[in-house]
Structure formats: structure tokens, C-alpha cells
Number of protein chains: 2
Amino acid sequence: MDAIDRRIVALLQNDATLSHADLAERVGASSASCWRRVKALEAAGVFTRTVRLVDPTAVGRGVNVLCNIRMRSHAADSRQSFERFVLSQPEVVECFSMSGDWDYLLRVVVADVAAYNTFLMQTLLGHPSVAGGSSHFALDMTKYTTALPT
Amino acid sequence: MDAIDRRIVALLQNDATLSHADLAERVGASSASCWRRVKALEAAGVFTRTVRLVDPTAVGRGVNVLCNIRMRSHAADSRQSFERFVLSQPEVVECFSMSGDWDYLLRVVVADVAAYNTFLMQTLLGHPSVAGGSSHFALDMTKYTTALPT
DNA sequence: CATGAAAGCCATGGTAA
DNA sequence: TTACCATGGCTTTCATG
């Protein structure tokens with residue numbers, strides 16, 4: 001993973017539609033070389049999926065809520081049950097197991113406050129592993145990127 | 001935006017490498033129809049960018065830190081300065097302007113605890129708009145998806 | 001040994017009927 | 001919707017430093 005590889009990773013993280021020829025001219029290598037490098041990066045597991053991003057407001061998911069969750073128990077089966085549940089809920093787009101006062105931090109995308117109320121009361125707090133939660137509404141998404149630093 | 005459109009959005013959010021022919025057979029429409037729908041969705045601003053995702057651990061960014069920030073002042077120029085700063089820092093991958101006790105919530109990706117210490121002390125807390133912060137380390141990334149519910 | 005140049009195949013995008 | 005055409009990217013080969 002030399003400087004050219006890092007450059008390629010940075011470029012494809014921002015625009016996956018770039019052809020190998022496009023990459024070639026931007027990193028100062030040949031198209032074939034870029035092709036080989038991309039293949040090697042895929043084999044090394046650096047690149048995972050190629051996805052299309054969508055505008056949250058355009059699909060009626062403009063509201064972000066960050067929700068801290070405290071569990072009733074820290075037993076393995078309780079955690080597994082909750083994590084499976086989280087994975088099955090499409091409005092939960094991120095979930096981190098946390099150190100500190102709270103057990104999990106979720107990012108939930110909803111249409112509006114009413115929709116979040118429904119999700120919170122009927123779905124999230126209804127889960128048997130959940131002891132309680134604390135929700136915080138985002139007023140604005142200042143930054144969101146899928147690109148990791150190279 | 002009918003059911004087929006939503007189906008297309010869901011598919012391309014998970015795999016942008018699908019060809020129009022692939023889409024066609026999965027949604028039960030013709031390839032040309034899928035092509036027109038995708039173009040319309042792009043024109044409507046539903047689709048934004050196409051990106052390659054990378055494995056955080058493979059590029060040495062396996063540690064997530066969630067950091068709450070409190071500002072010295074809520075004046076517009078103070079906020080603008082901080083938001084420009086956040087946009088310029090590649091290790092800050094997400095930033096939400098929050099309601100409640102804290103002004104911002106950042107997600108920061110770093111290699112290890114030591115790297116976060118450096119970032120926090122030398123970069124983040126050094127910004128003139130920042131009054132203080134509270135950092136929480138993620139023990140595990142239970143879920144991360146770029147796909148919004150359709 | 002990795003790179004760069006060149007060429008053919010093939011799949012895809014795009015269009016017309 | 002189906003069928004067609006042509007563009008262009010992917011992939012391999014070979015020569016070179």
C-alpha cells in the first residue's frame with residue numbers, strides 16, 4: 001500500500017464511477033497498473049462494497065436521532081438478541097457498542113418527530129433487552145462522509 | 001416514485017455495480033425501463049454519489065470515538081468557523097448539530113487511543129470555538145449501513 | 001519484478017422500431 | 001417492450017526499465 005494505492009483509495013471512496021483510465025491519468029500511472037492495483041486492494045479486503053448514496057430528504061428520511069440505550073442485562077444472549085434486532089431495523093443505520101454510561105448508541109433516520117415517537121415507543125423500547133433510552137435530535141447534519149482518511 | 005422505483009433504490013444502495021439488466025430481472029421490468037427510472041431518480045436528486053466503501057481496519061482506522069462538543073458561543077461566525085474546521089478534518093467522518101446539552105456530536109475514526117489523544121488535544125480542543133468535549137469510545141461497530149429505508 | 005503500451009473481446013449503455 | 005448497434009471499459013499479452 002504505497003502512495004499511489006492510497007491515492008486510488010481516496011479517489012474511489014469519493015467516486016466509484018471512475019474508470020481505470022480516469023484513475024490512471026489522475027495518479028500518473030498506466031491504466032493496466034491501476035487495474036492491477038485495484039484488484040490487489042480488493043483481494044486484500046481494503047475495498048468492500050460499491051454503493052449508491054441517496055439524499056435523505058429526497059426519500060423522506062431527513063431527521064436524524066441519536067439514541068443512547070441502556071440494557072437490562074449484559075448477558076451474551078441479551079446482547080445478541082438486541083444486536084440481531086438492530087440489524088433487522090432499517091431505520092437504524094448505525095449502532096455502536098459503547099464504553100461508559102450507556103451500552104449502545106444508535107443513529108436512527110426517520111421522516112419526522114412523530115415517526116420517531118412511534119419507532120421509540122412501539123419498537124425500540126418494546127425490546128425485552130432494553131431497560132431505557134435517551135434520545136437526542138440532530139438539528140443539522142453538518143458533515144457526513146463514507147470516506148476514511150488514507 | 002412507485003414500488004419499482006423503491007425497489008431499484010434499495011438494490012442500488014446495496015450494490016451499485018448492478019447493471020440495468022440485473023436490475024431488470026430483479027424488479028420484473030425491462031432493462032430500458034430500469035435505465036429510464038435510474039436516470040429519472042438521478043435527475044430528481046434521489047441518487048447522489050456512487051462510492052466505494054473501505055474496511056476501516058484494513059486502512060488502520062478501526063477505532064471509532066463519539067465526541068460531544070460544547071461551544072464557547074452560539075454566534076453564527078463561531079459556528080461557521082467550527083463547521084468549516086470539521087469539514088476539513090478527514091478523521092471526522094460525521095458531525096451533527098444537536099439539540100440538548102451538547103452542541104455537536106462528532107464521529108471520529110482513528111488508529112488507536114493514542115492517535116485520538118493527539119487529535120483531541122492538539123486539534124479539536126485547540127479550536128477557538130470549542131469550550132469542551134466529552135469522548136466515548138466505541139467497543140464495537142454493531143451496525144453500519146449507508147442504505148436508507150425505502 | 002513491476003510497469004507501460006497496445007489490442008481484442010465483451011458487456012454495457014443508449015436508441016430506434 | 002424488444003432488438004439492435006456502437007461506444008468504451010475490462011482484461012490479457014508482450015516488451016521494457
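Within every chain, numbering begins at 1; the chains are lettered A, B, ... in the order of the sequence lines, protein sequences first and strands thereafter.
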Ranking C:dG4, C:dG13, D:dC10 by distance to the side chain of A:Ser19, first place goes to D:dC10
Rounded to whole angstrom units, what separation is found between the CG atom of A:Asp2 and the P atom of C:dC1?
18 Å
Looking just at side-chain N and O atoms, do B:Ser81 and B:His127 make a donor-acceptor pair shorter than 3.5 Å?
yes
A:Trp35 side chain N/O closer than 4.0 Å to the phosphate oxygens (OP1, OP2) of D:dT11?
yes
First of A:Ala21 and A:Lys39 reached from the 5' end of DNA chain D, by closest nucleotide:
A:Ala21
Salt-bridge contact B:Arg37-B:Asp2 (side-chain N to carboxylate O under 4.0 Å):
yes
So, is B:Arg36 near the phosphate of C:dT15, with a side-chain N or O under 4.0 Å from OP1 or OP2?
no
When you measure from the side-chain N and O atoms of A:His20 to the phosphate of D:dC10, is any distance below 4.0 Å, counting only OP1 and OP2?
yes
Rounded distance in Å - CG (A:Leu23) to P (D:dC10):
9 Å
Euclidean distance, atom CG of residue A:Asp22 to atom C1' of D:dG9 [Å, nearest integer]:
10 Å
Once you apply a heavy-atom cut-off of 4.0 Å, does B:Ser33 come out as touching a base, just sugar-phosphate, or nothing?
sugar-phosphate
To the nearest Å, how far apart are B:Arg37 CZ and C:dG13 P?
17 Å
After noting the C-alpha distance and the side-chain angles of B:Val51 and A:Asp15, does the key distance pass the side-chain contact (heavy atoms from CB on, under 4.5 Å) rule?
CA-CA 5 Å; B:Val51 300; A:Asp15 183 1; over 6 Å; no
The side chain of B:Ser30 lies closest to which of these nucleotides: D:dT2, D:dT12, C:dT3?
D:dT2
Does a salt bridge link B:Arg107 with A:Glu94, judged by any charged N lying under 4.0 Å from a carboxylate O?
yes
